[in-house]
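Numbers here simply count residues along the sequence, with the first being 1.
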Amino acid sequence: KQYSDLKNNPKTASASNLLDTFRYQEETWLGLGITLTVIVLILILIFLFLRKRINLAVEVIKESSKAIGSIKSAVFFPIITYFMQFALFAWFVGVGVFLVTSSNASYAYENYNGDGNRSYLINVDGNDTMIRYEFGASCNPGDAMAQYLKTNNLTNQTSCSFKEYVADKQLFRIQLYHFFGWLWGLNWILALGQCVLAGAFASYYWAFEKPKDLPYFPVLGALKRTLLYHTGSLAFGALIIAIVQFIRFILAYLDAKLGRSENKVAKFVVKCLACFFWCLEKILKFINKNAYILIAIYGYNFCKAARKAFNLIIRNILRVVVLNKITAFILFLGKLLITGITGVIAFYVFDRLRDQDGLNYYLIPIIFLCIVAFITAHGFLNVFDMAIDTIFLCVLEDLERNDGSANKPYYMSSGLRSALSVKNKPESADGATAE
């Protein structure tokens, strides 16, 4: 009946009325139920098909938690990289201020009487020289004409006055060079942090008896190896990312300049290029991260490590996808939980202060604390993310390098061996591996 009334009187229809109409119809709930049932069935099939890989991802996360528990100093290592990033940013801002404010003063002749251009007979080096000037023309306060006007008290009629600051043509290029240097340095610091953490967690994985065979001070050892042997590889990887980010910056600048332009083709091309380089940056960061792990394990150069990491990922693409999705979801929940708890505690604290001390406008400090909590959680959970990626890549390397025999035993834990359906074969009495 309601549907008939709305159909006969469309002017009375509104969004709420239409929603009520669909809500009370059986076909609406039937269609919604069928849709949800199909989605649930698809998810069940995905879980059944990927159950072994999901189990592997869970075991990798468990092993990563054990690695962090054994290398507790790794949790605080991001503080060092944060300090380095802050120092680099302070240097970037300080030098940038000098570059932006570096310009030359421009002077021009001004006529206060408005009676046209003038000519003056000026004594230059003992010779009378007729010099003519035009009002508005550039001048130099130290040249002969300006000095003549000053010494003859003619500045009330004409003067060489300051006009504006003019930037040097080469200054803009220097500013771009400075900005690119900051991008390169920032990406190198991030690469340093990833490589050091990868070296520490790899030393945990490749210890046959964990944590008994774990070396002393694994983070400091990894930092020493990275600084002594891998700085060039990290710089090359950071250079690639910096180039892509610099191109994205240029495209963003062009997009802003074309904001009011009528050339739709140019806008479309710029936006397509911006999208392409955004995707390219994500892919390169992923490859670089895994390349740094192999650099920390084997000491490869960047190109060799990137090639081997890419091939290793392609051979295990389904495992990589499942692990990345589960890890991303867990890390997102962790950041959300930490930020939410911080916000709730801050709200109750400031609410009590408001009641006791008459505190006003406490929403801004709560938002600030939530932002700080999110940044802190992001930094420390990135350590967990790096541990997961390192342990996972070590597992893949372990599977390809070893076969479980006495000469080539698996270094993975029993939980990982169970998830992968592999085991270390016991050695027989005569020294041969028992089948």
Side-chain angles (χ1 to χ4, degrees), residues 15-16 19-20 23 32 36 39-40 43 47 54 57-93 186-187 189-190 192-194 196-198 200-201 204 211 218-219 282 285 289 322-392 415:
S16 59
L19 288 176
D20 290 338
R23 185 177 64 181
L32 183 61
L36 294 177
I39 293 174
V40 171
L43 291 176
F47 281 120
I54 293 174
V58 172
E59 290 298 329
V60 169
I61 293 173
K62 288 182 180 178
E63 193 68 18
S64 302
S65 302
K66 295 178 182 178
I68 295 176
S70 300
I71 311 175
K72 298 179 177 62
S73 57
V75 179
F76 302 98
F77 183 76
I79 297 176
I80 299 176
T81 56
Y82 274 159
F83 177 78
M84 295 174 65
Q85 292 178 47
F86 177 78
L88 179 66
F89 182 74
W91 169 81
F92 168 73
V93 172
L186 180 63
N187 284 285
I189 293 173
L190 295 175
L192 175 67
Q194 291 177 346
V196 170
L197 291 175
F201 294 129
Y204 169 85
V219 175
K282 295 295 182 182
K285 282 184 175 180
K289 185 178 182 180
V322 172
L323 179 68
N324 284 342
K325 295 303 179 184
I326 294 177
T327 303
F329 180 70
I330 292 175
L331 295 181
F332 172 75
L333 289 181
K335 296 173 186 177
L336 192 64
L337 181 63
I338 293 172
T339 306
I341 292 175
T342 303
V344 171
I345 294 175
F347 174 78
Y348 279 105
V349 170
F350 283 110
D351 189 58
R352 291 188 62 183
L353 290 176
R354 185 187 65 173
D355 295 337
Q356 297 176 2
D357 304 329
L359 178 66
N360 296 320
Y361 307 110
Y362 60 92
L363 184 61
I364 293 179
I366 291 177
I367 295 175
F368 175 76
L369 288 175
C370 289
I371 293 174
V372 172
F374 180 83
I375 294 174
T376 306
H378 177 76
F380 286 105
L381 288 178
N382 275 347
V383 176
F384 188 52
D385 182 39
M386 198 67 205
I388 292 173
D389 289 340
T390 303
I391 297 298
F392 179 65

In the structure I gave you, are the side-chain heavy atoms of [X] and [Y] within less than 4.5 Å of one another anywhere?
X	Y	result
Pro218	Phe201	no
Ile388	Ile61	yes
Leu197	Thr390	no
Asp385	Lys289	yes
Ile367	Cys370	no
Ile71	Val219	yes
Asp389	Gln194	no

Nearest-0.5 Å distance that lies between atom [atom1] in [X] and atom [atom2] in [Y]:
X	Y	atom1	atom2	result
Thr81	Leu186	OG1	CG	10.5 Å
Lys66	Tyr204	NZ	OH	6.0 Å
Met84	Ile189	CE	CD1	4.5 Å
Ile341	Ile345	CD1	CD1	6.5 Å
Phe77	Ile79	CZ	CD1	11.0 Å
Leu369	Ile364	CG	CD1	12.0 Å

Donor-acceptor contact present, side-chain Lys72 to main-chain Gly69, <3.5 Å: yes

Checking Ser70 side chain against Ala67 main chain: does a donor-acceptor pair fall under 3.5 Å? no

Nearest heavy-atom contact between Gly343 and Ile366 is O-CG2, 4.2 Å

Under 3.5 Å donor-acceptor pairs involving side-chain atoms of residues 373-383, not counting sequence neighbours:
unit_1 : atom_1 : unit_2 : atom_2 : d
Thr376 : OG1    : Val372 : O      : 2.8
His378 : ND1    : Lys335 : NZ     : 2.9
His378 : NE2    : Asn382 : ND2    : 3.2
Asn382 : ND2    : His378 : O      : 3.3

Evaluation steps, side-chain contact (heavy atoms from CB on, under 4.5 Å), between Ile68 and Ser64:
CA-CA 6 Å; Ile68 295 176; Ser64 302; 5.5 Å; no

Residues passing the salt bridge (charged side-chain N to carboxylate O under 4.0 Å, His left out) test with Lys62, sequence neighbours excluded, are Glu59

